Amino acid sequence: MSDLSAAPTALRPRLSDAQAWKALVMHHAAVGRVDLRRAFAAEPGRAARCTTSGAGWTLDWSKQLLHTDTMPLLLDLARDRRVPERISSMFAGERLNWTEGRAVFHVALRAPAGSTMLVDGRDVVPDVRETLRRMGLFSEAVRRGAWTGATGKRIRHVVNIGIGGSDLGPAMAYQALEPWRSRDLDCRFVSNVDGNDLSTALAGIDPAQTLFIISSKTFTTQETMENAASAREWIIASLGEGAVGRHFVAVSTNTARVRAFGIDPERMFGFWDWVGGRYSMDSAIGLSTMIAVGPSAFGGMLAGFHAMDEHVRTSPLESNLAVLMGMIGVWNSSVLQLPALAVLPYEQLLARFPAYLQQLMMESNGKRIDDHGQRVGWHTCPIVFGEPGTNGQHAFYQMLHQGTTVVPMDFIAFRTAAHQLGRHRMLLNANAIAQAQAFAFGRTADEVRAEGTPESLVPHRTFPGNRPSSFLWSEELTPGSLGALIALYEHSTFVQGIVWGINSFDQWGVELGKALAIDVIRDMSDPHLKPAHDASTSALIRSLRTKAT
Ligand code: F6P
């Protein structure tokens with residue numbers, strides 16, 4: 001455990017004491033909430049002024065609830081909070097994760113060969129490239145059928161066992177990169193300790209043709225270890241103990257535990273303590289992705305990450321996508337006090353992207369204590385949710401349009417599609433554009449009346465509008481554009497953490513439940529034990545124990 005006196009309090013005052021914050025709050029009090037109809041009418045160039053591009057992505061933030069002078073004030077706040085310096089510190093490998101005493105260096109995972117990225121004076125790029133090289137060799141061997149199972153049959157099924165950051169990124173990318181996948185094998189993802197997850201993944205597949213990747217940074221996570229043990233039994237039951245070595249590989253930072261599980265460290269792909277779980281899909285945790293799409297496409301994804309890293313590292317604040325997105329999020333959460341964010345990918349292949357962002361954003365910034373150890377006085381991380389368009393339109397958009405809670409939205413779209421299905425892409429994108437328009441400008445009661453609507457229905461058919469959204473789009477969903485998109489959200493999440501003065505890279509909030517589960521598991525496992533918890537917990541243990549045993 002690191003010395004907590006390493007907290008970066010000396011660097012900055014609390015956000016509430018920052019002059020730039022006070023200026024922003026006063027600005028909001030003075031001008032009130034923007035009216036998007038009026039703002040667009042008053043400034044014909046608003047869309048052009050509020051459209052910014054970088055690393056293959058374009059962000060139209062003109063439909064956010066910002067007055068003309070709001071973004072300059074937000075950027076003053078970013079400067080005041082030393083956002084540029086903090087971004088530089090991250091790229092310099094500094095120990096920004098001060099509550100755990102670790103550097104935050106996922107940007108080194110996608111640094112090109114030959115570049116230099118130092119942690120504690122040591123260049124980590126050679127280690128990163130060496131791991132990529134080993135992953136590449138292994139992936140190619142599996143893809144070619146050169147790496148076989150114990151009986152000599154080629155591998156047809158790859159099962160990634162991991163949870164949180166050891167699952168969400170690979171599962172999301174596997175779906176997103178469907179057009180790039182090998183047709184000779186499939187990947188399955190098991191995360192939940194619920195046996196239904198593993199048994200569904202294994203149903204009907206041949207153990208002799210199945211490779212398990214046990215993905216766990218710590219190699220101690222209960223869900224993953226339980227699933228890994230059951231998978232091991234499944235292999236042994238069919239192929240014998242000696243088969244384990246051909247059917248299991250590990251991705252971890254914990255060599256000792258990997259060895260204890262029975263996996264030779266030769267078949268372990270490592271990463272480093274400066275890679276946070278939710279920032280790890282471009283490390284060896286991406287092994288399943290690499291096996292699915294091949295080392296070259298995986299390299300394309302890393303290049304996309306790196307292109308966005310470079311955009312964020314080198315662009316002035318005014319044209320820096322991560323800073324703009326991050327500061328818009330600060331405005332929405334902390335000034336307008338809007339508690340949620342809907343992520344709306346108009347791309348079916350990004351169906352798991354909102355779930356991926358839930359961990360990235362909510363595990364990073366779902367915190368209320370700042371680096372002075374004080375409770376912050378406003379919303380920090382929003383509640384993140386979402387579904388691919390157009391499915392969301394027929395589910396929760398009713399609430400987004402006419403509900404009592406205003407929910408900011410991120411639309412994500414691609415101009416073209418990998419498929420060749422006629423008008424589908426045009427229809428999809430037309431829906432995205434029309435929805436963003438409807439959210440921003442609504443429909444007034446007079447407009448509804450003018451359509452001949454009976455007076456009793458006018459209030460029901462009126463749309464308030466002024467529902468803020470950003471529209472983020474790229475040419476096509478490719479490994480590169482996916483990498484850049486993920487990096488953009490990583491960095492905008494970081495920008496928000498900097499402004500709020502919270503550590504975006506620890507996750508103490510997941511610990512209590514894990515610790516309490518130890519006693520509950522003990523009490524659940526033994527029907528003779530008398531649970532001695534609070535009355536509700538004890539009753540639940542007795543009820544569910546009876547049914548489970
Ligand atoms: O949810 C807590 C967490 O520690 C995440 O940060 C992490 O991604 C996940 O558990 C899995 O951890 P591991 O890779 O060590 O199994």
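The residues of the chain are indexed from 1 along the displayed sequence. Everything numeric here is computed off the predicted structure, so don't read it as measured data. Ligands are counted one by one from 1 in listed order, and the atoms in each one are counted from 1 as well.
Counting protein heavy atoms under 4.0 angstrom from atom 10 (O) of ligand 1 gives zero.
In terms of N/O distances under 3.5 Å, ligand 1 is approached by Ser166. For a threshold of 3.5 Å applied to N or O pairs, the pair formed by Gln359 and ligand 1 contains at least one separation below that value.
Among protein heavy atoms, atom 15 (O) of ligand 1 sits closest to Thr218 OG1, 2.6 Å. Looking at atom 8 (O) of ligand 1, its nearest protein heavy atom turns out to be Gly165 N, 2.7 Å.
Those atoms of ligand 1 that come under 4.0 Å of a heavy atom in Ser216, given as number and element, are 13 (P), 14 (O), 15 (O), 16 (O). Of all atoms in ligand 1, numbered sequentially from 1 with element shown, those under 4.0 Å from a heavy atom of Thr221 are 12 (O), 13 (P), 15 (O), 16 (O). Close approach of ligand 1 to Ile163 is summarised as follows: ligand atoms under 4.0 Å from at least one heavy atom of the residue are 9 (C), 11 (C).
Nearest to atom 1 (O) of ligand 1 by heavy-atom distance, out of Glu223, Glu363, Met225, Glu511, is Glu363.
Ring planes of His106 and Tyr279: parallel class, angle under 30° (limits at 30 and 60°). Ring geometry, Trp234 versus Phe212: the interplanar angle exceeds 60°, so the pair is classed perpendicular (tilted spans 30 to 60°). Using bins of under 30°, 30° to 60° and over 60° for the plane-to-plane angle, the ring pair Phe138/Phe269 lands in the tilted bin.
Judged by distance alone, the side chain of Asp371 and the main-chain N or O of Ile502 form no donor-acceptor pair under 3.5 Å.
Looking at Arg232 and Glu241, a side-chain N of the basic residue comes within less than 4.0 Å of a carboxylate O on the acidic one, giving a salt bridge. With respect to the salt-bridge test (charged N to carboxylate O, under 4.0 angstrom), the residues Arg181 and Asp186 do not qualify.
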Kindly indicate, with the supporting measurements, whether the criterion side-chain contact (heavy atoms from CB on, under 4.5 Å) is fulfilled by Thr131 and Trp272.
CA-CA 11 Å; Thr131 302; Trp272 305 272; 3.6 Å; yes

